[in-house]
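None of the values given here were measured: they were computed from a predicted structure. Atoms within each ligand, like the ligands themselves, are counted from 1 in listed order.
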Amino acid sequence: MRRVSIFGATGSIGRQTVELLVAQGGPEAVRTVALTGGRNVAELARMALALRAEIAVTAHEDCRDALAAALAGSGIEVAAGPQAVAEAADRPADWVMSAIVGAAGLVPGFRALAHGTTLALANKESLVTAGPLIMAEARRHGARILPVDSEHSAVFQALAGEDTAAVERVIITASGGAFRDWPLDRLAAATVAEASTHPNWAMGQRITIDSASMFNKALELIETREFFGIDPERIEVLVHPESLVHALVGFTDGALMAHVGPPDMRHAIGYALNWPDRRPLPVARLDLAQVGQLTFRAPEPARYPALGLAREVMRAGGLSGAAFNAAKEIALDAFIAGRIGFTAMAGVVEEVLTQLSGQGGLQNAPDCLDTVLEMDRAARARTAGIIAAKG
Ligand code: NAD
Ligand code: MG
């Protein structure tokens, strides 16, 4: 029986993954090794019981007792803390979902590759911070990485059976987020609540705010570059308010292959779960006559400065991605905490990159996890300093 583990099981992606596993037969069809979550121990325990997991792990030491109480008598092992999350990845599994949010997802996904597992990668931060390292580790162990981000799953599907040498360009789409139609001069005063609503997708709060700022699309540009090995000049972003075309691949003969579907992550998750097969999935079937129109426009640089920053990061390479992501995470924390405004996030991130590149070190290759984690820490500290100085 196939062994599966889910990191970040209680999040938006994790929950939908559990839902699909249960719908496809649950413990009768798969052997669940590890499930990890955060403070929502009641839900983690429910999932562990439903899938009869071997071990349930909360990332927080202070949640250990509550999790143990919820699973008492079940025979399911319990562990707590970041170290325990990483160790859960050392338990061999054939299919692993990496769905922790942020740079915290890097280590468990990386460690799972050592078993030659199939890694379903929702945690885009892994590729942004350590793309070359992750891809090399996968090759070394004969592991396979399947993209779960909707755009990247779309590109992956459009490339099936194609020669990548014939790819001319890749276009990933963006809804434009909560503020796509706001007057630019209102953006500085945008609130956390306003930024936390998405026109089309229901996702975790952090990625939803990152959609409004397009930091999410900025991460995805880098993710596209790292995953598919495509030159940055060949990767484009288009604003597509309907969120039905997720990505397009353009070939040297002029053909454009588009992936079209409703904004429902269960498609990309299910595709990665069943790959290389396709199985029926509980996603709505599009009625294109009902949809009527699909519209596209170029993203305005002034509205979405994060895209320009991502292009600079791709040009600079090395550890720039790790610094960029860390700075973005801290700037996002500060925005959520009400310490900086919505438009200040991009300025803070830019300042961090400028300061760190002036010092050298950003150009070093992400040659091991420690190098990446060290840059991650340095960039977080630098970002916090810059934000504190703003008062
Ligand atoms: P979420 O915030 O809903 O859930 C995150 C999960 O990670 C939770 O289980 C949480 O407990 C856990 N977690 C958070 N911080 C942790 C830490 N420090 N250590 C260990 N566990 C921790 O996030 P999400 O929206 O499901 O996103 C997960 C990942 O998938 C992100 O990288 C995101 O960019 C990516 N993604 C999400 C969507 C979506 O539709 N939600 C779409 C594409 C890609
Ligand atoms: Mg996406």
Under 3.5 Å side-chain donor-acceptor pair for Asn200 and Ser243: yes
Distance from atom 17 (C) of ligand 1 to nearest protein heavy atom, with residue and atom: Ala104 CB, 3.6 Å
CZ (Arg311) with more than 12 external heavy atoms under 6.0 Å: yes
Close N or O approach (Gly38, ligand 1; < 3.5 Å): yes
contact_flag Ile207 ligand 1 heavy-atom lt 4.0 Å: yes
Gly14 N/O to ligand 1 N/O under 3.5 Å: no
Closest protein heavy atom to atom 26 (O) of ligand 1, given as residue, atom name and distance to 0.1 Å: Ile13 N, 2.9 Å
Which residue and heavy atom of the protein sit nearest atom 12 (C) of ligand 1, plus the separation: Gly8 CA, 4.2 Å
Donor-acceptor pair between Glu194 and Thr191 side chains, under 3.5 angstrom: yes
Per-atom contacts of ligand 1 with Gly204, taking only distances under 4.0 Å to non-hydrogen atoms: 3 (O), 25 (O), 41 (N)
Heteroatom proximity flag, Thr10 to ligand 1, N/O under 3.5 Å: yes
Heavy-atom nearest neighbour in the protein, as seen from atom 43 (C) of ligand 1, with distance rounded to 0.1 Å: Asp149 OD1, 3.0 Å
Geometric class of the Tyr271/Phe156 ring pair [parallel <30°, tilted 30-60°, perpendicular >60°]: perpendicular
Nitrogen or oxygen of Met265 less than 3.5 angstrom from that of ligand 1: no
Asn123, portion touching ligand 1 at heavy-atom distance under 4.0 Å: both
Gly37 to ligand 1, any heavy atom closer than 4.0 Å: yes
Centroid separation Phe342 to Phe179 less than 6.0 Å: yes
Minimum-distance protein heavy atom relative to atom 14 (C) of ligand 1: Val101 CG1, 3.8 Å
Residue, atom name and distance, where the atom is the protein heavy atom closest to atom 34 (O) of ligand 1: Lys124 CE, 3.1 Å
Option with minimal heavy-atom separation from atom 13 (N) of ligand 1, where the choices are Ile269, Ile100, Val128: Ile100
Glu151: its N/O/S atom lying closest to the Mg ion (ligand 2) (atom name): OE1
Protein heavy atom at shortest distance from atom 35 (C) of ligand 1: Ala122 O, 3.1 Å
Met135, CE atom: more than 12 neighbouring heavy atoms under 6.0 Å: yes
Criterion side-chain contact (heavy atoms from CB on, under 4.5 Å) against Ile172, the qualifying member of Val245, Thr224, Asp149: Thr224
Part of Ala59 within contact of ligand 1 (heavy atoms, under 4.0 Å): side chain
Charged N-O contact under 4.0 Å between Glu28 and Arg52: yes
Within 6.0 angstrom of Glu374 CD, more than 12 heavy atoms from elsewhere: no
Glu125 contact mode with ligand 1 (heavy-atom cut-off under 4.0 Å): side chain
Subset of ligand 1 atoms that lie under 4.0 Å from at least one heavy atom of Met203: 39 (C), 40 (O), 41 (N)
Where Ala53 and Ile76 come nearest, the two heavy atoms and their spacing: O-CG1, 3.3 Å
Ring centroid separation His115 to Trp95 under 6.0 Å: no
Cationic N near anionic O, under 4.0 Å, Asp370 to Arg377: no
His259/His152 aromatic ring centres below 6.0 Å: no
Protein contact to atom 28 (C) of ligand 1 [nearest heavy atom, distance to 0.1 Å]: Ala99 O, 3.3 Å
OE2 (Glu220) - the Mg ion (ligand 2) - OD1 (Asp149) angle, nearest 10°: 90°
Check: Arg31 and Glu54 side chains under 4.5 Å, non-hydrogen atoms: yes
Ligand 1 contact on Ser12 by region, counting heavy-atom pairs under 4.0 Å: both
